[in-house]
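Okay, structure first, notes after.
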Amino acid sequence: MRVRELTVDDLDASWELGRLAFGSTSERPASTSVEVPGMTRYGAFDDGGRLVGKAVDLHHDQWWSGRAVAAADVAGVAVAPEARGRGVARALLTALLAGAHERGAAVSALYPTVAAPYRACGWETGGVLRTVNLATAALPRHRPASHLTVRAGTPADLDAVADLYERVARHRNGMLTRRGELFDFFAADAKLPGDGLTLVEADGDLVGYATWQRGRGYGADSVLTVDEALATTAEAARELAGVLGSWASVAPTVRLCPLDGDAVSTVLPLEAARDHERDLWMHRPVDVVRAVSARGWPVHTRGVVDFHLTDPLADWNTGTWRLAVADGTAELTRVDGEADLRLDVRGFALLYAGAAPAHAVAQAGLLHHAPAVDPAVLDLLAAGRPAQLLDYF
């Protein structure tokens, strides 16, 4: 088996492999037949030159407490049925990590169809992208605010929408920046997402938006799908909820992905929400030094801790490290000798993403420590808000 980057000549076979693996329709997106900037496609080939596996490195950036961190987000992993269980996925992910490291990536996220193969390669669960259903009639209605303007958006408003998204996302952890060549490529046609874009403005400035798809019919099973609803003020959030609630007579259900603790979520009756879908996402470092130094850290957090890290797929991460955090920044430096704390790369992922404290990581067998050492000292690596994702890729 040989793994290499795919060329344009390989894309027909890559599309067919993905179509079979994921049960896609025969309608082929144009982007699957051309080179796309901001992504690297990898393929695994058998001795006869047949493509038996593929994976894609998406050149995203992720927000981590106000700083953009270069990411290698993984998508489109597929292996031919005859080649499964023979190490194809592991070989692909090993090559992908090496290539991502070479181009400067620091972290990686993915949505698994099954978690075990990715755990074996160092990714670990970071969180869940949750899609919920709400009764449209239960959304709060209110008297529209006189100082706010609600209107339909146009393609000319998309830059302002992107700016508002960034104001919401940049001080969180894990969310995509939606910048770079890959996003520019798909945004080049400047079309509105979905069926509608609703804007809320204050004195001409955008303070809230919702993108939505109307769906079909107007009976009891009709659903209004809200792709995204974000606001930077409570008043704008209430306006958006009121507009969405106005669909109650023809779309009894609103479907959306709530963002924990944002302005819109605080006005929705989430106690009445019912899960429609839950998409598990996983995280891992590509380069631990970059992952630590590139992100923002809580300004009140200070400390130093030594630990030994084991990363079977990325040997540049393996070794004994000293983590020092102070004044909103952190640094990871190599030190000689062993350490009382021995951390698996999956444990690093859990701590870095704020998905688990060090005691829980130790209980999971991903952190080993001397009896006299409290593993909680490694909570320094977990400082900050838990990571979230709002984009599915």
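Numbers here are sequence positions counted from 1.
Put simply, V168 and V69 are part of two different groups of oily side chains (I, L, V, M, F, W, Y) that touch within less than 4.5 Å, one to the next. Placement of L390 and W63 in two distinct hydrophobic clusters is found when ILVMFWY residues are connected by side-chain heavy-atom separations under 4.5 Å, directly or transitively. Neither V292 nor W316 shares a network with the other; the hydrophobic side chains, linked directly or stepwise wherever heavy atoms of I, L, V, M, F, W or Y lie under 4.5 Å apart, form separate groups for each. Both V3 and L96 are assigned to one and the same hydrophobic cluster, defined by single-linkage of ILVMFWY side chains at heavy-atom distances under 4.5 Å. Using a 4.5 Å cut-off between side-chain heavy atoms of Ile, Leu, Val, Met, Phe, Trp and Tyr, with links allowed through other members, L332 and V335 fall into different hydrophobic clusters.
Atom CD of E27 is surrounded by 12 or fewer heavy atoms from other residues, nucleotides or ligands within 6.0 Å. The environment of D159 atom CG is sparse: at most 12 non-hydrogen atoms of other residues, nucleotides or ligands sit within 6.0 angstrom. Surrounding CZ of R143 are at most 12 heavy atoms belonging to other residues, nucleotides or ligands under 6.0 Å away. No more than 12 heavy-atom neighbours from other residues, nucleotides or ligands sit within 6.0 angstrom of CG on D203. Heavy atoms from other residues, nucleotides or ligands lying under 6.0 Å from CD of E35 number 12 at most. Counting heavy atoms of neighbouring residues, nucleotides and ligands inside a 6.0 Å radius, atom CZ of R322 does not exceed 12 of them.
Annotation: side chain of L230 is in contact with side chain of L259 (closest heavy-atom distance under 4.5 Å). Annotation: side chain of Q388 is not in contact with side chain of D262 (no heavy-atom distance under 4.5 Å). When side chains are defined from C-beta on, L158 counts as touching P193, because their heavy atoms get closer than 4.5 Å. T329 has its side chain out of reach of S293: every pair of non-hydrogen atoms, C-beta onward, lies at least 4.5 Å apart. With contacts defined as side-chain heavy-atom distances shorter than 4.5 Å, the pair L6/L51 qualifies. A 4.5 Å side-chain heavy-atom check between W123 and V74 finds at least one atom pair inside the cut-off. Proximity of V150 to P144: side-chain heavy atoms (C-beta onward) are nowhere separated by under 4.5 Å. You'll find the side chain of S65 stays beyond 4.5 Å of the side chain of P298, heavy atoms only.
Formation of a donor-acceptor pair under 3.5 Å by the N317 side chain with backbone atoms of V286 is found in this model. Judged purely by atom type and a 3.5 angstrom limit, R41 has no side-chain atom pairing as donor or acceptor with the backbone of L11. The backbone N or O of R255 sits nowhere less than 3.5 Å from a side-chain atom of N133 that would complete a donor-acceptor pair. R151 places no side-chain N or O within donor-acceptor distance of the main-chain N or O of L199, the cut-off being under 3.5 Å.
In this model, no donor atom of one side chain and acceptor atom of the other lie less than 3.5 Å apart for S33 and W15. Under 3.5 Å, the side chains of R214 and S222 contain a donor-acceptor pair of N or O atoms. If you check the side chains of T318 and D315, you find no donor sitting under 3.5 Å from an acceptor. Counting only N and O atoms by type, the side chains of T320 and D336 include no donor and acceptor under 3.5 Å apart.
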- Task: Before giving the answer on side-chain contact (heavy atoms from CB on, under 4.5 Å), spell out for V36 and F186 the whole-Å C-alpha distance, their side-chain angles and the decisive distance to 0.1 Å.
- Result: CA-CA 9 Å; V36 177; F186 286 103; 4.2 Å; yes

- Test side-chain contact (heavy atoms from CB on, under 4.5 Å) on V226 and L244 and set out the steps. CA-CA 9 Å; V226 179; L244 298 176; 3.8 Å; yes

- Item | side-chain contact (heavy atoms from CB on, under 4.5 Å) evaluation trace for W321 with L341 | CA-CA 10 Å; W321 300 95; L341 297 161; over 6 Å; no

- M282 vs R119, side-chain contact (heavy atoms from CB on, under 4.5 Å): CA-CA, chis, key distance, verdict: CA-CA 9 Å; M282 306 179 80; R119 283 196 170 115; 3.6 Å; yes

Distance-only check: which donor-acceptor pairs under 3.5 Å involve side-chain atoms of residues 348-368, not counting sequence neighbours?
from	atom 1	to	atom 2	distance (Å)
Y352	OH	A291	O	2.6
H359	NE2	D374	OD1	3.0
H368	NE2	G365	O	3.3

I'd like a table of donor-acceptor pairs (distance under 3.5 Å, sequence neighbours excluded) in which one partner is a side-chain atom from residues 174-184, with atom names and distances.
from	atom 1	to	atom 2	distance (Å)
T177	OG1	R179	N	3.2
R178	NE	D391	OD1	3.4
R178	NE	D391	OD2	3.2
R178	NH1	E228	OE1	3.4
R178	NH1	E228	OE2	2.9
R178	NH2	E228	OE1	2.6
R178	NH2	D391	OD1	3.4
R178	NH2	D391	OD2	3.2
R179	NE	E166	OE1	3.3
R179	NH2	E166	OE1	3.4
R179	NH2	E166	OE2	2.8

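For the side chain to side chain contact (heavy atoms under 4.5 Å, CB included) test, residues two or more places apart in sequence or in another chain that qualify with A145 are H147, L148, E239.
R284 pairs in a side-chain contact (heavy atoms from CB on, under 4.5 Å) with only one of the listed residues (L110, V107, L97), which is L97.
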